[in-house]
Every structure is written in C-alpha cells, then in structure tokens.
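Here is the structure we will look at.
By convention here, the first residue in the shown sequence is residue 1. These numbers come from the heavy atoms of this one structure, side chains and all, not from hydrogens, waters or symmetry mates. Predicted model, so just to flag it, every value in this text is computed and none were measured.
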Amino acid sequence: MIVLALVVAVLASVVGWVATGRTPEPTAPAAKPASADVGAEAKSGQRVVSDATTPATPAIRGVDLALGRVASTSTGTGIATLSIGIANRGSRDFAAVDGASVLVIVDGAIGATQQLPAIEAGASTKLDVRLNWCPAGAVPVTVVLDPGAVVREADERNGSISRAVDFGC
C-alpha cells in the first residue's frame, strides 16, 4: 500500500509539471566542495545520466535536497547499481529521518528504495542503490528523493529526474 502511494505521488508530481508547463529553474554552475561526489567524473564502467552541479555555499533557507549525477554500473553478475549524487543546497543540515527515502523506478517497476542519509548544509554525498537484476539495453529510470514528502524542503521541484539509462547488461 505504501509503495502504491509513493508511485501515485511521483506520477501526480510529473502530471502537475506537465499540466502547468513549469519545470525547475536552471541554476548556474558554481564551485564544488572538495569532498563532493555529486560532480565527480564517471569511473570505468559507469554511464553518466545527469551532470547537475552543487553550489559551494548554501543560498536557500532551510533544507533543499537536490539530485546530482546518476550513473549506472554493472557487476557482470546480473546485478546493477545506480550511483546517485545528492546535495543539500539549503542552509540547514538534513538529519536522516524515518520514511525519507530515495525511490528508483526502472522500466515502470519499482527497482529499489533506500533510506536518505544525513547531509550537512552545503554538502553532497553519493548513494549507491543496488538493483537485484541488471536491465538489458537502455531503459527508462526515474529517481525521486523523498517521494512521500516526509522532509519539508525549500524547493520540492529539484528532487526527481527521469532519463533513459543504458546499464550495459
């Protein structure tokens, strides 16, 4: 039942964006913190999906979780991993909260969910989400931060991304 609610919430937000014609405003790239994995170059075997950057100084009041790079890797054993860059662009630290998760939808089916880690204001992290299979060819992937809206954020529009991803399986 919870899974159905999450899928409905994701679809409602996408339909809302399409119906209103509003998309998240692009932000100008800024210097990245030295420890940021969000803007890191793809390593061998990874396919980069998005190249969003993380601002060096938080400018948004409160917590603002945003997606960065999403890259796929395959282990050759029939299992794939998505490396997801997550930044807190806000001025307040994000403490891990029960129910605040990352939802990965692969080719229309829920591929994985994983707890969101704590992220300090202005910092970023990389979250590796393991799938129990490796999709063949290019498939549509949607990643949603906090699909149940458990975390009160300054900007809810920068927490999802949909792209075709080639896992190389």
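Taking 4.5 Å as the limit, some side-chain heavy atom of I84 sits within range of a side-chain heavy atom of L67. Considering only heavy atoms from C-beta on, L82 stays 4.5 Å or farther from D128 through its side chain. Put simply, the side chain of I79 does not reach to within 4.5 Å of the side chain of W133, judged on heavy atoms. Taking 4.5 Å as the limit, some side-chain heavy atom of P140 sits within range of a side-chain heavy atom of D107. Two residues are said to be in side-chain contact when any heavy atoms from C-beta on lie closer than 4.5 Å; I86 and I119 meet this criterion. Annotation: side chain of T81 is not in contact with side chain of V129 (no heavy-atom distance under 4.5 Å). Within the 4.5 Å cutoff, the side chain of E120 has no heavy atoms near those of the N88 side chain. Side-chain atoms of V106 and V104, non-hydrogen and from C-beta on, do get closer than 4.5 Å to each other.
Here the straight-line distance linking atom CZ of R61 with atom CG of D155 works out to 15.0 Å at 0.5 Å rounding.
Partner L145 forms a side-chain contact (heavy atoms from CB on, under 4.5 Å) with one of L127, L65, V151 and no other, that one being L65. The side-chain contact (heavy atoms from CB on, under 4.5 Å) test with T142 is passed by exactly one of I110, I105, I161: I105.
Closest of all the heavy-atom pairs between C134 and A80 is SG-CB, 3.7 Å. Between Q115 and V97, the shortest heavy-atom contact is NE2-O, 2.6 Å. Across A100 and F94, no two heavy atoms sit closer than the pair CB-CZ, 4.2 Å. Closest of all the heavy-atom pairs between A121 and G90 is CB-O, 3.4 Å.
Here the side chain of E153 pairs no donor or acceptor atom with the backbone of D146 at under 3.5 angstrom. Checking side-chain atoms of T113 against main-chain N and O of S101 turns up no donor-acceptor pair under 3.5 Å. The closest donor-acceptor contact from the side chain of Q114 to the backbone of L103 lies at 3.5 Å or more, if one exists at all.
Under the rule for a side chain to side chain donor-acceptor pair (under 3.5 Å), the partners of D64 that lie at least two apart in sequence or sit in another chain are N158.
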